[in-house]
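Accompanying notes for the structure given below.
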There are 2 protein chains.
Amino acid sequence: MKPRTRNGQDLLTPAAVVDRALMLADAEGLGAVTIRRLAHELDVTPMALYWHFASKEELLDAMADGLLTEMLAIAGPVETVPAGPWRQQLAALLDAQCTVLRAHPSVAPLVWTRNNLSDAALRLTERMLAVLRRAGFSPTDATRIARRAARMTTALVAVRAQFVDGDGDPDRVRDRLSALPIDEFPRVVEAAVALSGCDGPDEHYGLELVLAGIEAEAARLTPFSEPNPPPTPDRAPPQP
Amino acid sequence: MKPRTRNGQDLLTPAAVVDRALMLADAEGLGAVTIRRLAHELDVTPMALYWHFASKEELLDAMADGLLTEMLAIAGPVETVPAGPWRQQLAALLDAQCTVLRAHPSVAPLVWTRNNLSDAALRLTERMLAVLRRAGFSPTDATRIARRAARMTTALVAVRAQFVDGDGDPDRVRDRLSALPIDEFPRVVEAAVALSGCDGPDEHYGLELVLAGIEAEAARLTPFSEPNPPPTPDRAPPQP
DNA sequence: ACCTGAACACCGTTCAAGT
DNA sequence: ACCTGAACACCGTTCAAGT
């Protein structure tokens with residue numbers, strides 16, 4: 001099935017390069033994704049990659065788009081969106097994004113930061129907007145919220161991925177915090193244990209925070225409150 | 001006032017290096033902050049910097065800490081924290097962070113991603129925790145929320161800073177979006193104008209979203225609701 | 001069409017040496 | 001104590017050349 005050249009060598013395809021790049025990023029971080037390193041991994045000259053990608057930037061774009069495509073696969077086709085309350089639909093969409101991002105944490109910073117007019121990006125945007133419009137938001141507000149929600153989700157994962165802990169093991173950190181002057185840092189000392197622990201896999205917690213914010217926004221903007229949103233017709237202006 | 005060596009040359013100090021590095025980052029992005037470039041800017045050999053910083057990583061840490069120090073200066077001493085409702089106090093703290101981050105957007109990704117046990121970091125943490133504890137959160141919850149809030153704030157600015165727009169001017173983007181098949185992308189087409197505009201300086205909007213989320217969390221966790229939080233004594237367990 | 005080879009202007013960092 | 005100089009193993013990218 002793979003294309004082969006006459007001397008038995010596998011041909012290089014953009015998709016194969018992106019796959020390899022994602023694997024490299026997952027294994028050793030985005031910093032390891034280097035034109036030269038990647039070429040070596042693919043048994044090819046560095047400059048070979050420049051036939052398929054105009055620049056490294058373009059390769060990074062393709063990697064980001066790879067994640068968007070994965071998200072789309074998880075989210076399923078448009079018709080898949082269940083008829084439940086919009087909060088759940090929104091949560092499901094954000095959860096799908098979160099799942100993919102967590103699988104490729106070092107690539108997360110690249111997602112939704114380049115402007116994505118790719119097919120996958122547009123389809124994901126369409127789904128987000130559909131849910132928010134159904135929730136009663138105007139196109140403008142839906143856009144702002146969709147953008148915020150998507151970026152916040154990536155940020156939640158990305159920030160955690162970029163985290164480097166310089167000061168070694170948690171026990172030493174806790175001890176240092178506990179030893180602080182209690183009159184100057186009463187709250188820090190009190191929370192030394194919590195502060196020294198890494199915060200666990202709770203992007204979920206962060207997502208809930210974002211969702212709660214959106215819900216509060218929704219309550220402020222729309223006259224009704226869930227459940228049973230009024231019958232907002234698909235394209236016509238709101239009810240008379 | 002500046003230290004000088006006998007041949008009339010300014011002596012290199014860590015603070016001077018960090019200042020210069022921040023200026024460089026603000027002017028040309030974090031990517032321009034290079035040991036060699038920075039050394040050139042300071043009229044010094046690249047290796048001179050290695051006397052003051054063990055590695056580039058350590059220099060980046062120092063830059064991040066520079067921002068934390070600026071935040072602390074804006075936030076003022078602990079006693080400055082007004083007696084108002086905790087939402088406002090929290091908003092003020094996050095606003096201060098946002099202000100500083102917006103002044104150095106390209107450095108934002110570095111803030112709160114290395115573990116900060118520096119003086120500035122600890123003092124900022126103390127303030128955050130104090131506000132959240134007064135709001136009725138337990139030390140553990142206060143820690144989680146403080147972390148989330150701080151990271152989200154930096155993420156809001158950082159993601160925007162990392163944004164690279166590849167597809168040129170907004171008009172062309174809008175046209176492309178409007179030209180999409182309307183049966184496949186009804187919501188995108190509908191929101192073409194909103195989607196093609198860059199989203200303006202509304203980290204403020206994002207902050208409100210975060211705050212709304214925290215308030216919702218607070219309402220869920222504490223039996224009372226603002227204003228007039230119960231007299232939570234400073235260190236003793238909650239009221240009988 | 002697809003890939004190689006040599007070359008250029010950059011990186012961070014080490015190690016020995018100067019003052 | 002504070003800085004220089006030469007060197008090493010890396011970068012992304014261009015340009016001419018091979019098949």
Side-chain angles (χ1 to χ4, degrees), chain A residues 1-22 24-25 27-64 106-107 109-110 114 162 164 166, chain B residues 1-22 24-25 27-64 106-107 109-110 114 162 164 166:
Chain A
M1 219 53 181
K2 295 183 201 163
R4 283 179 166 259
T5 186
R6 24 193 164 347
N7 52 353
Q9 281 281 47
D10 283 337
L11 264 201
L12 210 57
T13 83
V17 176
V18 169
D19 276 5
R20 212 54 174 153
L22 286 177
L24 231 181
E28 304 183 34
L30 193 59
V33 177
T34 265
I35 295 284
R36 294 176 111 105
R37 171 75 188 274
L38 199 50
H40 180 77
E41 215 100 325
L42 292 162
D43 267 314
V44 110
T45 302
M47 305 78 214
L49 300 187
Y50 281 91
W51 178 259
H52 304 278
F53 301 93
S55 64
K56 187 182 180 181
E57 199 73 358
E58 212 171 78
L59 172 65
L60 295 177
D61 286 353
M63 290 174 69
S106 75
V107 193
L110 302 182
R114 16 260 307 154
Q162 285 172 352
V164 299
Chain B
M1 219 52 180
K2 296 184 201 161
R4 285 176 164 263
T5 186
R6 22 193 164 352
N7 52 353
Q9 281 282 49
D10 283 336
L11 263 201
L12 211 57
T13 83
V17 176
V18 169
D19 276 6
R20 233 354 193 194
L22 287 176
L24 231 182
E28 305 183 34
L30 193 59
V33 177
T34 265
I35 296 284
R36 294 176 111 106
R37 169 75 187 275
L38 199 51
H40 180 76
E41 215 100 323
L42 292 161
D43 267 314
V44 112
T45 301
M47 305 79 216
L49 300 188
Y50 282 89
W51 179 259
H52 303 278
F53 301 92
S55 63
K56 187 182 180 181
E57 200 74 356
E58 212 170 78
L59 172 63
L60 295 177
D61 286 353
M63 291 174 68
S106 75
V107 194
L110 303 181
R114 15 258 311 151
Q162 285 172 352
V164 298

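Just so it is clear: chains get the letters A, B, ... in the order the sequence lines come, proteins before strands, and each one is counted from 1. For clarity, every value in this text was computed on a predicted model and none was experimentally measured.
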**Asked** So, A:T13 side chain and A:A16 main chain: donor-acceptor pair closer than 3.5 Å or not?
**Response** yes
**Asked** Taking it one step at a time, do B:Y50 and B:I35 satisfy side-chain contact (heavy atoms from CB on, under 4.5 Å)?
**Response** CA-CA 9 Å; B:Y50 282 89; B:I35 296 284; 3.8 Å; yes
**Prompt:** To the nearest angstrom, how far is B:R36 atom CZ from D:dC11 atom P?
**Reply:** 15 Å
**Prompt:** In whole angstrom, what separates A:L42's CG from C:dC2's P?
**Reply:** 16 Å
**Prompt:** Atom CD of B:E28 and atom P of C:dC10: how far apart are they, to the nearest Å?
**Reply:** 13 Å
**Prompt:** Counting side-chain heavy atoms from C-beta on, which of C:dC3, D:dT13, C:dG12 comes nearest to B:T34?
**Reply:** C:dG12
**Distance, rounded to the nearest Å, where A:H40 contributes NE2 and D:dC11 contributes C1'** = 16 Å
**Request:** State which of D:dT14, D:dC3, C:dT14 makes the closest approach to the side chain of B:A48.
**Result:** D:dC3
**Pairs satisfying side-chain hydrogen bond (donor to acceptor under 3.5 Å, both in side chains), at least one member in residues 28-42 of chain B, at least two apart** = B:E28-B:R37, B:R37-B:E41
**Asked** Roughly how far, to the nearest 0.5 Å, is CG of A:L24 from CG of A:D19?
**Response** 12.0 Å
**Item:** Given D:dT13, D:dC11, D:dC3, the nucleotide with the shortest approach to the side chain of A:Y50
**Value:** D:dT13
**Request:** Give the nucleotide from the list C:dC3, C:dT4, C:dT13 with an atom nearest to the side chain of A:M47.
**Result:** C:dT4
**Asked** Hey, where does DNA chain D pair up into stems, meaning at least three consecutive Watson-Crick or G-U pairs with distances under 3.5 Å?
**Response** C:4-8 with D:12-16, C:12-16 with D:4-8
**Message:** Check this one for me: any side-chain N or O of A:W51 less than 4.0 Å away from OP1 or OP2 of C:dC2?
**Reply:** yes
**Asked** Expressed in angstrom and rounded to an integer, what is the separation of A:R37 atom CZ from D:dA9 atom C1'?
**Response** 14 Å
**Request:** For DNA chain C, find the residues of residues 15-22 of chain A with a heavy-atom distance under 4.0 Å and give them by number; none if there aren't any.
**Result:** none
**Message:** To check you understand the geometry: which heavy-atom pair defines the closest contact between B:L49 and B:A39, and what is its length?
**Reply:** CD1-N, 4.0 Å
**Request:** Would you indicate which nucleotide in D:dC3, C:dG5, C:dT13 comes nearest to any side-chain atom of A:T45?
**Result:** C:dG5
**Prompt:** Which pairs count as side-chain hydrogen bond (donor to acceptor under 3.5 Å, both in side chains) when at least one residue sits in residues 52-64 of chain A, sequence neighbours excluded?
**Reply:** A:E57-A:R114, A:D61-A:R114
**Message:** So which atom in B:A48 and which in B:L12 form the shortest heavy-atom distance, rounded to 0.1 Å?
**Reply:** CB-CD2, 4.3 Å
**Request:** Can you see which heavy atom on B:S106 is nearest to which on B:A25, and at what distance?
**Result:** OG-O, 3.2 Å
**Item:** Minimum-distance nucleotide (side-chain atoms of B:I35 versus C:dG12, D:dT13, C:dC3)
**Value:** C:dG12
**Check against side-chain contact (heavy atoms from CB on, under 4.5 Å), B:V107 and B:V33** = CA-CA 10 Å; B:V107 194; B:V33 177; over 6 Å; no
**Prompt:** Which of residues 52-62 of chain A have a heavy atom under 4.0 Å from DNA chain C?
**Reply:** A:H52
**Request:** Output the single nucleotide from D:dC3, D:dA6, C:dG5 whose closest atom is nearest the side chain of B:L12.
**Result:** D:dC3
